[in-house]
**Student:** 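So that we are looking at the same thing, I have put the structure below in structure tokens.
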Amino acid sequence: MSVTHRLVHSVDSCAHERGHITDSRFYGNRYATSGSRRIYCDVCRKQRWLDIEAALAQAQGELGMIPARAVAGIVSAARLECIDLDAVQAEIDRSGHSLVGLLRVLQVACPDDTGEYIHFGATTQDIQDTGQALEMRDTLDELTREIAAILASLVELAEQHAGTVAVGRTHARAALPMSFGLKVASWIDELLRHTERLATARSRVLVAQLFGGAGTMAGFGGGGVVLLERFAARLGLAVPTLGWHVARDRVVEFVTTLAMVSGTLGRVADEIRTIGRPEFGEVTEPWRYGKVGSSTMPHKRNPERCEQVVVMAKLAAAQAGIAFTAMVGDHERDARALRVEWACVPDVSHYTLAACEIVRELVTGLTVHEDRLRVNAQEVADQLATERLMLALGRQLGKQTAHERVYELSQTAHDTGRPLRHLFDDCADLRDLVDERELDVIFDPSQYLGASTDLTHRALAEARKWLGARG
């Protein structure tokens with residue numbers, strides 16, 4: 001049998017397998033989590049739609065829109081164990097409709113004629129949008145828990161290193177000394193802004209949809225608004241002012257906010273990857289014996305997890321662009337938006353939660369090498385000292401003149417390899433302006449951390465306040 005024939009045979013025998021990377025048996029755990037799969041489980045989605053149909057029937061029964069016996073029949077049948085999913089699939093194939101197949105099989109499962117009252121006055125997108133809102137709610141819940149765990153570890157890390165000297169770098173070059181805690185505090189501060197975004201988005205994003213075919217509620221007689229309120233309350237969702245079948249800004253906000261969270265996690269992971277390079281050696285990400293970095297180079301300990309987070313950030317960002325395309329739809333309803341979201345909402349959720357899970361592991365087990373941080377700062381101490389030297393000279397020469405003089409000295413030091421302090425000592429006119437004791441302080445990176453420690457503690461206070469409010 002040829003390789004091609006063997007491959008075809010293998011594919012045919014594995015037709016039940018899924019092709020999306022998040023479903024991969026071998027690699028999926030790097031692109032999704034058990035939590036994200038639970039939320040976006042295809043079968044679970046059917047149960048969620050059944051729950052929504054049951055909630056609709058219960059709300060309508062309370063208002064006398066359908067008979068009480070119909071409510072009991074629908075609720076009793078709206079469980080997956082009562083539903084033949086193969087029959088649902090057959091009906092989907094036959095009808096070409098995403099929900100009618102489930103409704104037909106549910107009707108058969110209802111006792112007597114109670115199934116006649118399923119989906120009374122509602123339209124398909126009412127059910128599916130409401131289901132997606134519940135998925136987004138579960139995602140936000142999971143995401144907030146993950147961010148809380150990450151923040152708790154970062155708070156501990158920043159507290160421990162609030163005064164640890166480190167090289168502050170701009171444009172990938174030495175800039176000024178800072179504390180390592182301030183670097184971590186920057187991550188904390190950005191994540192805290194995301195917690196605000198996630199919290200405020202809930203009232204706008206997590207809303208029910210129940211407005212009928214063209215958003216007029218005509219199928220509910222005169223009781224549509226009251227029905228919507230009771231329906232939403234049963235599901236724990238907010239009540240929108242109008243239908244949003246074609247107004248997709250809520251979903252775009254969800255997707256873009258998650259993409260932003262992923263972007264921050266990508267920044268954190270990439271910084272860890274960069275300063276963990278042997279040339280820097282300032283941190284080491286968690287590692288365990290048995291983990292292989294290369295199939296040909298046994299020594300390799302690659303920053304695979306950091307790289308994977310960056311991959312997740314890129315993939316999440318791509319979903320934001322897709323989501324934006326759903327904002328343009330025709331008239332009162334347009335499946336071109338809905339079906340775009342069916343792909344980008346789960347995907348951005350998988351990628352963001354996967355990034356969270358990896359970053360949580362990274363920061364929880366991160367080793368910070370204070371000795372290497374100190375050595376690295378000392379190696380570029382001359383460069384780190386230029387601002388402070390300029391300001392010391394500026395007291396007598398003026399800031400602009402002092403900048404020009406220190407610029408000349410520092411560029412000469414760069415070109416000749418001579419230490420800046422030696423060149424400074426050769427300039428008698430400058431040397432007389434600063435005494436030896438002050439020069440020692442100027443060229444000591446640990447003595448020019450500015451407000452690093454205080455600023456770090458400002459971020460820590462905000463993080464602890466947020467974590468404390470969660471109980």
**Student:** Which atoms form the tightest heavy-atom contact between Val434 and Ala392, and what is the distance?
**Tutor:** CG2-CB, 4.5 Å
**Student:** Please answer whether the main-chain N or O of Phe280 pairs with a side-chain N or O of Asn376 as donor and acceptor at a distance below 3.5 Å.
**Tutor:** yes
**Student:** Say whether Glu341 and Gln132, considering side chains only, have a donor N or O and an acceptor N or O under 3.5 Å apart.
**Tutor:** yes
**Student:** In Å and rounded to the nearest 0.5 Å, what is the CG to NZ distance from Leu391 to Lys399?
**Tutor:** 8.0 Å
**Student:** When you measure from the side chain of His369 to the backbone of Asp371, do you find a donor-acceptor pair of N or O atoms at a distance under 3.5 Å?
**Tutor:** no
**Student:** Test your reading of the model: is there a side-chain donor-acceptor pair from Arg250 to the backbone of Arg204, 3.5 Å cut-off?
**Tutor:** yes
**Student:** Between Leu460 and Ala158, what is the shortest heavy-atom contact and its length?
**Tutor:** CD2-CB, 3.7 Å
**Student:** Is the shortest side-chain heavy-atom distance between Arg197 and Met260 below 4.5 Å?
**Tutor:** yes
**Student:** Do side-chain atoms of Arg248 reach the backbone of Trp244 as a donor and acceptor pair under 3.5 angstrom?
**Tutor:** yes
**Student:** Under a 3.5 Å cutoff, is there a donor and acceptor pairing between the side chains of His194 and Thr257?
**Tutor:** no
**Student:** Would you check if there is a donor-acceptor pair between the side chains of Ser446 and Arg374 at a distance under 3.5 Å?
**Tutor:** no
**Student:** If we ignore angles and hydrogens, is there a donor and acceptor under 3.5 Å between the side chains of Arg38 and Thr33?
**Tutor:** no
**Student:** Looking only at heavy atoms, which two atoms of Ala459 and Leu192 are closest? And how far apart?
**Tutor:** O-CD1, 4.2 Å
**Student:** Rounded at 0.5 Å granularity, tell me how far CD1 in Ile358 sits from CG in Leu265.
**Tutor:** 9.5 Å
**Student:** To the nearest 0.5 angstrom, please state how far the SG atom of Cys44 sits from the CD atom of Glu135.
**Tutor:** 9.5 Å
**Student:** Is there a side-chain contact between His457 and Glu159 in this structure, where contact means two heavy atoms from C-beta onward sitting under 4.5 Å apart?
**Tutor:** yes
**Student:** Please evaluate residues His20 and Asp347 with respect to the criterion side-chain hydrogen bond (donor to acceptor under 3.5 Å, both in side chains), reporting the C-alpha separation (whole Å), side-chain torsions for both, the decisive distance (0.1 Å), and the verdict.
**Tutor:** CA-CA 10 Å; His20 197 288; Asp347 280 356; 3.2 Å; yes
**Student:** Classify the side-chain pair Gln383/Ser410 by whether it contains a donor and acceptor separated by less than 3.5 Å.
**Tutor:** no
**Student:** Report the C-alpha separation of Asp382 and Arg418 in whole Å, then their side-chain angles, then the decisive distance to 0.1 Å, and conclude whether the salt bridge (charged side-chain N to carboxylate O under 4.0 Å, His left out) test is met.
**Tutor:** CA-CA 10 Å; Asp382 281 7; Arg418 288 190 64 196; over 6 Å; no
**Student:** Is any side-chain heavy atom of Phe231 closer than 4.5 Å to one of Ile52?
**Tutor:** yes
**Student:** Assess whether side chain to side chain contact (heavy atoms under 4.5 Å, CB included) is satisfied between Arg30 and Ile21, documenting all intermediate values.
**Tutor:** CA-CA 9 Å; Arg30 299 179 183 183; Ile21 188 64; over 6 Å; no
**Student:** Is there a side-chain contact between Arg173 and Arg169, using heavy atoms and a 4.5 Å cut-off?
**Tutor:** no
**Student:** Apply the test salt bridge (charged side-chain N to carboxylate O under 4.0 Å, His left out) to residues Asp189 and Arg193: give CA-CA distance (whole Å), side-chain angles for both, the deciding distance (0.1 Å), then the verdict.
**Tutor:** CA-CA 7 Å; Asp189 191 43; Arg193 288 195 294 279; 2.8 Å; yes
**Student:** Going from CG on Asp51 to CG on Leu56, what distance comes out if it is rounded to the nearest 0.5 angstrom?
**Tutor:** 12.5 Å
**Student:** Is there a side-chain contact between Glu387 and Leu176, using heavy atoms and a 4.5 Å cut-off?
**Tutor:** yes
**Student:** Between the side chain of Ser203 and the main-chain N/O of Thr200, is any donor-acceptor distance below 3.5 Å?
**Tutor:** yes
**Student:** So which heavy atom on Gln128 is nearest to which on Leu338, and how close?
**Tutor:** OE1-CD2, 3.4 Å
**Student:** Check this for me: does any side-chain nitrogen of one of Arg421 and Asp440 sit under 4.0 Å from a carboxylate oxygen of the other?
**Tutor:** yes
**Student:** Near His403 NE2, under 6.0 Å, is it more than 12 heavy atoms from other residues, nucleotides or ligands?
**Tutor:** no
**Student:** Which heavy atom in Phe443 sits nearest to a heavy atom in Ala385, and how many Å separate them?
**Tutor:** CD2-CB, 3.8 Å
**Student:** State, with a plain yes or no, whether a side-chain heavy atom of Trp187 is found less than 4.5 Å away from one of Val359.
**Tutor:** no
**Student:** Quick check for you: to the nearest 0.5 Å, what is the distance between Cys356 atom SG and Tyr351 atom OH?
**Tutor:** 15.5 Å
**Student:** Decide salt bridge (charged side-chain N to carboxylate O under 4.0 Å, His left out) for Asp426 and Arg431; before the verdict, give the C-alpha distance in whole Å, the side-chain angles of both, and the deciding distance to 0.1 Å.
**Tutor:** CA-CA 8 Å; Asp426 291 344; Arg431 185 67 186 79; over 6 Å; no
**Student:** Please step through side chain to side chain contact (heavy atoms under 4.5 Å, CB included) for the pair Thr412 and Leu420, ending with a clear verdict.
**Tutor:** CA-CA 8 Å; Thr412 300; Leu420 174 62; over 6 Å; no
**Student:** Does one side chain, of Gln411 or Asp415, offer a donor that lies under 3.5 Å from an acceptor on the other?
**Tutor:** no
**Student:** How about Glu156: does its CD atom have over 12 heavy atoms from other parts shown lying under 6.0 Å from it?
**Tutor:** no
**Student:** Quick check: does any side chain N or O of Thr130 sit under 3.5 Å from a backbone N or O of Gln209, one acting as donor and the other as acceptor?
**Tutor:** yes
**Student:** Taking Thr325 for the side chain and Ile322 for the main chain, is one N or O donor matched with an acceptor at less than 3.5 Å?
**Tutor:** yes
**Student:** Pairing donors with acceptors under 3.5 angstrom, does anything connect the side chains of Tyr40 and Thr139?
**Tutor:** yes
**Student:** Is it true that the side chains of Asn29 and Arg37 contain a donor and an acceptor less than 3.5 Å apart?
**Tutor:** yes
**Student:** Walk me through whether Arg333 and Asp129 qualify under salt bridge (charged side-chain N to carboxylate O under 4.0 Å, His left out).
**Tutor:** CA-CA 12 Å; Arg333 192 135 57 95; Asp129 276 350; over 6 Å; no
**Student:** If we only count heavy atoms from C-beta on, is the Leu140 to Leu258 side-chain gap below 4.5 Å?
**Tutor:** yes
**Student:** Please report the closest heavy-atom contact between Ser179 and Leu449, naming both atoms and the distance.
**Tutor:** N-CD2, 4.1 Å
**Student:** Taking only Lys NZ, Arg NE, NH1 and NH2, and the carboxylate oxygens of Asp or Glu, determine whether Glu438 and Arg395 approach each other closer than 4.0 Å.
**Tutor:** yes
**Student:** Rounded to the nearest 0.5 Å, how far does CG of Leu210 lie from CG of Leu235?
**Tutor:** 9.5 Å
**Student:** Is there a donor-acceptor pair closer than 3.5 Å between any side-chain N or O of Glu285 and the backbone N or O of Arg273?
**Tutor:** no
**Student:** In sequence, state the C-alpha distance, the side-chain angles, and the governing distance for Glu142 and Leu353, and then conclude on side chain to side chain contact (heavy atoms under 4.5 Å, CB included).
**Tutor:** CA-CA 8 Å; Glu142 186 85 7; Leu353 289 173; 3.8 Å; yes
**Student:** Just wondering, do His161 and Glu370 contact through their side chains at under 4.5 Å, heavy atoms?
**Tutor:** yes
**Student:** Using atom types as modelled and distance alone, determine if a side-chain donor or acceptor of Ser36 lies under 3.5 Å from a backbone N or O of Ala32.
**Tutor:** no
**Student:** Salt bridge check, Asp435 against Arg437: does any charged N sit closer than 4.0 Å to a carboxylate O?
**Tutor:** no
**Student:** List the steps and the verdict of side chain to side chain contact (heavy atoms under 4.5 Å, CB included) for Leu373 and Val167.
**Tutor:** CA-CA 7 Å; Leu373 285 164; Val167 177; over 6 Å; no
**Student:** In terms of side-chain geometry, is the basic nitrogen of Arg277 or Glu282 positioned less than 4.0 Å from the acidic oxygen of its partner?
**Tutor:** no
**Student:** Can you tell me if Asp126 uses its side chain to pair, donor with acceptor, with the backbone of Phe211 under 3.5 Å?
**Tutor:** yes
